[in-house]
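Here is the structure we will look at.
Start at 1 and go down the list; that is how both ligands and their atoms are numbered. The figures here come from the full heavy-atom set of this structure, side chains too, leaving out hydrogens, waters and symmetry mates. Keep in mind the model is a prediction, meaning the values are calculated, not measured.
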Amino acid sequence: MERPRVLGCHPGGGRPDRRAHRVLQRGGGTVVTRTQIDTYHLPPRLEGAWALLRSGDPRVRAVSGGTDLTIACPPEVTTLVDLSQAVPAQITVGDDGEIEIGAMATLTAMSQHPAVAAHATGVIPEMLFHVGSPLLRNVCTIGGHLVRGKLSDVVPVLIALDAEVTIHRGGDTRLTLAEYYGRGHHEQPHVLTAVHLPVLPPQTGSAFLRFARTAFDFPLANCCARISRADGSAVRIVIGAVPQRDQRAFEAEAIVASRGFDDA
Ligand SMILES: Cc1cc2nc3c(=O)[nH]c(=O)nc-3n(C[C@H](O)[C@H](O)[C@H](O)COP(=O)(O)OP(=O)(O)OC[C@H]3O[C@@H](n4cnc5c(N)ncnc54)[C@H](O)[C@@H]3O)c2cc1C
């Protein structure tokens, strides 16, 4: 295993601050600063990352884009495991047409990839346009987004597209997103390594809508609908915002499927 690197933080340009929990009081609340991190690992391979994360020690956290951890790092965390070398960022299309998105792919890379952009009439870039800002999307990764399991525009869309994830726990397991959240896998020690978008039937259309206080805010509610006309049973209506509670609206799906579809 490679030697841990100690982060030197230089508040005010002075000596490195290695106090484990430098706590600020702000408006009556408590903010733990990033100087709480004293050890930073950059494992070159997945096995090395898993060896550091497998115990589930609450002081040790994986980091991908770091946009969530930077603003909401639990106070007990002192060690980060950077996944940027251990987990792929490539987006590939298999011989069968399935799209595999490496978990380190940024949201920008996803929205700009031609196969992802064309998938299901372009609902992924349509949705990603609303996630934070371009600067945020340039940094945050699909893996970090899914593992954090908080307010999300991404999850309802991926559920509507029947997306699956691969998680690593010494070996690889492939799960639907509903299983991943429904069975609490996202809260167990694991490394999320890939997202899979299966081929959809021909004549598939999809749409995404969100409601938020301002364009930059997190969603209060959102919805993704996907209809595959060539296969009348393939109707997905997912109402969401909070991954663990994202719901397929089975009753609405059945009503839509029973009415058939016209060209509009
Ligand atoms: C200002 C702001 C605005 C935002 N607006 C929106 C919005 O409008 N809509 C929306 O849907 N989202 C929004 N987000 C959420 C944003 O999309 C997430 O912060 C981001 O996707 C997290 O990705 P990351 O790579 O930075 O995760 P990180 O911060 O690196 O990690 C997040 C969590 O996942 C764990 N982790 C990371 N990668 C892996 C992995 N591969 N395997 C296992 N564990 C892992 C980390 O330990 C951590 O607990 C916003 C965020 C910010 C900061």
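- Taking all atoms of both residues into account, the shortest heavy-atom contact from Val199 to Gly97 is CG2-C, 3.4 Å.
- Contact between Thr70 and ligand 1 is absent, with no heavy atom of the residue lying under 4.0 Å from the ligand.
- Below 30°, between 30° and 60°, or above 60°: for His168 and Trp50 the angle between ring planes is above 60°, a perpendicular geometry.
- The shortest contact between atom 1 (C) of ligand 1 and any protein heavy atom is with Phe216 CZ, 3.9 Å.
- Side-chain atoms of Thr79 and His41 form no donor-acceptor pair, as typed in the model, at a separation below 3.5 Å.
- With a 6.0 Å radius and a threshold of 12 heavy atoms from other residues, nucleotides or ligands, Leu220 has its CG atom above the threshold.
- Heavy atoms only, all atoms of each residue included: Leu53 and Pro189 are closest at O-CB, 3.8 Å.
- A donor-acceptor pair under 3.5 Å links the side-chain atoms of Asn222 to the main chain of Ser152, judged by distance alone.
- Among His190, Arg148, Lys150, the residue whose heavy atom sits closest to atom 15 (C) of ligand 1 is Arg148.
- Atom 14 (N) of ligand 1 has its closest protein heavy atom at Phe218 CE2, 3.2 Å.
- In this structure Thr121 satisfies the side chain to side chain donor-acceptor pair (under 3.5 Å) test together with Ser206, sequence neighbours excluded.
- In Arg174, the CZ atom is crowded: over 12 heavy atoms of neighbouring residues, nucleotides or ligands sit closer than 6.0 Å.
- Around atom 48 (C) of ligand 1, the closest heavy atom drawn from Leu69, Leu107, Val131, Val147 belongs to Leu69.
- Looking only at protein heavy atoms, the nearest one to atom 49 (O) of ligand 1 is Arg61 NH1, 2.9 Å.
- Considering backbone and side-chain atoms alike, Cys140 places every N or O at 3.5 Å or more from each N or O of ligand 1.
- If you run side chain to side chain contact (heavy atoms under 4.5 Å, CB included) between Arg226 and each of Val238, Val235, Val157, Leu161, only Leu161 comes through.
- For the residues Met104, Met127, His145, the heavy atom positioned nearest atom 12 (N) of ligand 1 is part of His145.
- Residue contacts with ligand 1: Ile71 is included, with a non-hydrogen atom under 4.0 Å away.
- Every N/O-N/O distance between Val139 and ligand 1 stays at or above 3.5 Å.
- Between the side chains of Ser84 and Asp82, at least one donor N or O sits under 3.5 Å from an acceptor N or O.
- Among all non-hydrogen protein atoms, the one lying nearest atom 47 (O) of ligand 1 is Ala62 O, 2.5 Å.
- Here's the thing with Gly65: one of its N/O atoms is less than 3.5 angstrom from an N/O atom of ligand 1.
- Closest to atom 41 (N) of ligand 1 among all protein heavy atoms lies Leu192 O, 2.9 Å.
- Considering Ala105, Ala86, Gly144, Pro156 only, the shortest heavy-atom separation from atom 27 (O) of ligand 1 involves Gly144.
- Only the side chain of Leu83 comes within 4.0 Å of ligand 1, counting heavy atoms alone; its backbone N, CA, C and O stay farther away.
- Distances from atom 28 (P) of ligand 1 to the heavy atoms of Gly66, Ser84, Ala49, Cys73 show the closest one on Gly66.
- A donor atom on one side chain and an acceptor atom on the other are found under 3.5 Å apart for Asn138 and Thr108.
- When the heavy atoms of Thr67, Leu146, Leu136 are ranked by distance to atom 52 (C) of ligand 1, first place goes to Leu136.
- Nearest residue to atom 9 (N) of ligand 1 from Thr193, Val81, Asp153 is Asp153 (criterion: closest heavy atom).
- Proximity of Arg210 to ligand 1, defined as any heavy-atom pair under 4.0 Å, is confined to the side chain (atoms from C-beta onward).
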